[in-house]
Amino acid sequence: MAKVGEAYVELFALTERLKKDLAEARNMMNKTAKNFQTKAKAMADSLRPVSRAAGLVGVAVAGAIGFAVKKASDAQEIASKFQIVFKEEAKAAEAWARSTGSSLGRSKSSLLDYLSTLQDTFVPMGFASEQGRELSQQMVQLALDLASFNNESEPEVLQKLQSAIVGNHETVRNWGVVITEATLKQELLRMGVQKHISEVTNQEKVQARVNLIMANTTAAQGNAKKTAGDLAGQVRKMNSLFTDMAIELGTAFIPIVKELVVALSGTIKGITAWVKENQGLTKTIGLSVLGITGFLVIIP
């Protein structure tokens with residue numbers, strides 16, 4: 001019996017010692033875990049600015065590439081339209097755009113766009129392709145000069161000139177160009193057009209308007225070249241250089257983006273085809289997801 005009591009005492013002592021060892025081990029583990037958690041938090045806090053900066057840089061780079069690809073894509077569309085509109089005159093018009101862009105610090109792509117817009121106005125009005133090209137170059141140069149002289153946006157000036165050429169004379173009045181029926185008739189007579197106004201062709205009217213616009217904007221003509229060294233001129237040049245750089249960069253990335261778009265399109269088509277072929281299973285999956293979602297919302 002004594003031995004039983006001694007065994008009980010030893011067992012009790014062993015149990016107490018085990019409890020104590022477990023408690024110490026638990027405390028040590030808690031301290032270690034807290035220490036690790038503290039260090040991990042400190043490391044995360046120290047890396048957070050770096051990760052945030054890296055994220056911002058990543059977003060900025062992705063945004064810049066996206067912007068460049070968009071510019072390059074637009075430039076390709078402009079070049080395509082330019083070739084269609086100018087046809088056999090495309091080479092001469094492109095040479096003019098390259099020369100003018102270089103001397104005035106303008107984006108070649110922008111000039112091609114301006115030229116295409118005006119050529120697509122003159123030719124339908126009855127002008128031959130070569131005549132249209134010459135008038136387009138003349139009007140684009142005037143647009144650059146007027147924009148520089150009046151501190152206006154070149155695309156807006158070009159749009160106003162285009163509107164005036166086809167008969168909306170109000171758009172050029174703020175530059176001192178007043179075109180009325182009387183001034184139009186007078187210019188037509190000066191051109192040698194001896195017809196009643198109702199018999200005058202659209203081509204003749206357009207030529208008369210161009211002549212009146214040129215005659216009443218002499219103060220602005222040549223201003224783009226004169227002020228090329230001024231701050232405003234340098235800012236326009238910088239913007240044009242930035243546009244050209246973006247187009248070059250975007251052109252390099254276009255093949256990669258095209259491959260990505262094709263791959264994504266194929267994936268989307270594949271998913272669409274699978275859903276169409278497995279409508280019953282798709283409905284079942286959808287209902288299951290909705291059921292689980294509803295269950296999670298209901299259960300606190």
Side-chain angles (χ1 to χ4, degrees), residues 70-150 152-168 171-172 175 177 202-203 205-215 217 220-228 233 236-237 239-248 250-251:
K70 177 66 168 59
K71 282 290 184 182
S73 177
D74 290 345
Q76 287 184 348
E77 291 184 3
I78 289 168
S80 177
K81 178 183 177 181
F82 177 83
Q83 292 295 329
I84 293 171
V85 169
F86 277 96
K87 298 178 182 178
E88 68 276 5
E89 292 297 318
K91 188 175 180 180
E94 186 176 2
W96 181 89
R98 187 184 303 109
S99 174
T100 302
S102 177
S103 63
L104 298 181
R106 296 294 188 275
S107 167
K108 176 189 167 185
S109 181
S110 298
L111 294 181
L112 294 181
D113 189 23
Y114 300 161
L115 287 169
S116 298
T117 298
L118 288 170
Q119 182 77 348
D120 207 21
T121 301
F122 287 121
V123 172
M125 288 292 183
F127 290 91
S129 186
E130 184 179 0
Q131 289 178 300
R133 174 182 61 79
E134 291 172 351
L135 287 171
S136 295
Q137 292 170 187
Q138 185 181 29
M139 287 293 99
V140 169
Q141 181 62 66
L142 181 61
L144 301 180
D145 289 332
L146 284 169
S148 174
F149 188 73
N150 296 291
E152 294 184 51
S153 162
E154 289 173 356
E156 290 179 0
V157 170
L158 191 83
Q159 187 176 25
K160 289 178 181 179
L161 286 174
Q162 183 189 25
S163 295
I165 288 168
V166 297
N168 186 11
T171 59
V172 294
W175 302 325
V177 181
N202 284 330
Q203 181 181 349
K205 289 179 182 178
V206 168
Q207 184 63 66
R209 292 181 188 119
V210 169
N211 293 346
L212 289 171
I213 290 170
M214 293 300 298
T217 56
Q221 291 168 26
N223 191 264
K225 188 173 183 178
K226 291 176 186 176
T227 61
R236 291 180 192 273
K237 182 177 181 179
N239 289 337
S240 296
L241 289 172
F242 181 77
T243 298
D244 287 340
M245 180 187 70
I247 290 171
E248 291 296 326
T251 300

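Residue numbers count from 1 along this sequence.
In this structure, Leu118 and Leu158 have side chains that are in contact, with non-hydrogen atoms separated by less than 4.5 Å. For the pair Leu161/Trp175, a side-chain contact is recorded, criterion being any heavy-atom separation below 4.5 Å from C-beta on. Residues Met125 and Lys205 form no side-chain contact, since every pair of their non-hydrogen atoms from C-beta on lies 4.5 Å or further apart.
The 12-atom threshold is exceeded at CD of Gln138, counting heavy atoms of other residues, nucleotides or ligands nearer than 6.0 Å. More than 12 heavy atoms of other shown residues, nucleotides or ligands fall within 6.0 angstrom of atom CD in Gln203. The neighbour count for Lys81 NZ, taken as heavy atoms of other residues, nucleotides or ligands under 6.0 Å away, is above 12.
Glu156 contributes atom CD, which lies 12.5 Å from atom OG1 of Thr171 (distance to the nearest 0.5 angstrom). Separation of atoms CG (Asp145) and CD (Gln221) is listed at 7.0 Å; rounding is to 0.5 Å.
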Exercise. Apply the test side chain to side chain contact (heavy atoms under 4.5 Å, CB included) to residues Ser109 and Thr243: give CA-CA distance (whole Å), side-chain angles for both, the deciding distance (0.1 Å), then the verdict.
Key: CA-CA 9 Å; Ser109 181; Thr243 298; 5.6 Å; no
Practice problem: Could you please spell out the steps behind the side chain to side chain contact (heavy atoms under 4.5 Å, CB included) verdict for Gln137 and Gln141? | Solution: CA-CA 6 Å; Gln137 292 170 187; Gln141 181 62 66; over 6 Å; no
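Counting only distance, with no hydrogens or angles, the side chain of Ser148 and the backbone of Leu144 share no donor-acceptor pair below 3.5 Å. Under a 3.5 Å cut-off, the side chain of Asn150 and the backbone N or O of Leu146 do form a donor-acceptor pair. In terms of modelled atom types and a separation under 3.5 Å, the side chain of Gln119 and the main chain of Ser136 share no donor-acceptor contact.
Considering every non-hydrogen atom in both Arg106 and Ala224, the closest pair reads NH2-CB, 4.3 Å. Pairing each heavy atom of Ala164 with each of Ile213, the nearest pair is CB-CD1, 4.1 Å. Across Ser129 and Val123, no two heavy atoms sit closer than the pair CA-CG2, 4.5 Å. Of all non-hydrogen atoms in Phe127 and Phe122, the two that sit nearest each other are CD1-O, 3.2 Å.
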Could you go through residues 84-102 and list every donor-acceptor pair under 3.5 Å that involves a side-chain atom there, pairing it with any protein atom two or more places apart or in another chain?
| unit_1 | atom_1 | unit_2 | atom_2 | d |
| --- | --- | --- | --- | --- |
| Glu89 | OE1 | Arg133 | NE | 2.5 |
| Glu89 | OE1 | Arg133 | NH2 | 3.4 |
| Glu94 | OE2 | Lys108 | NZ | 2.7 |
| Thr100 | OG1 | Trp96 | O | 2.9 |

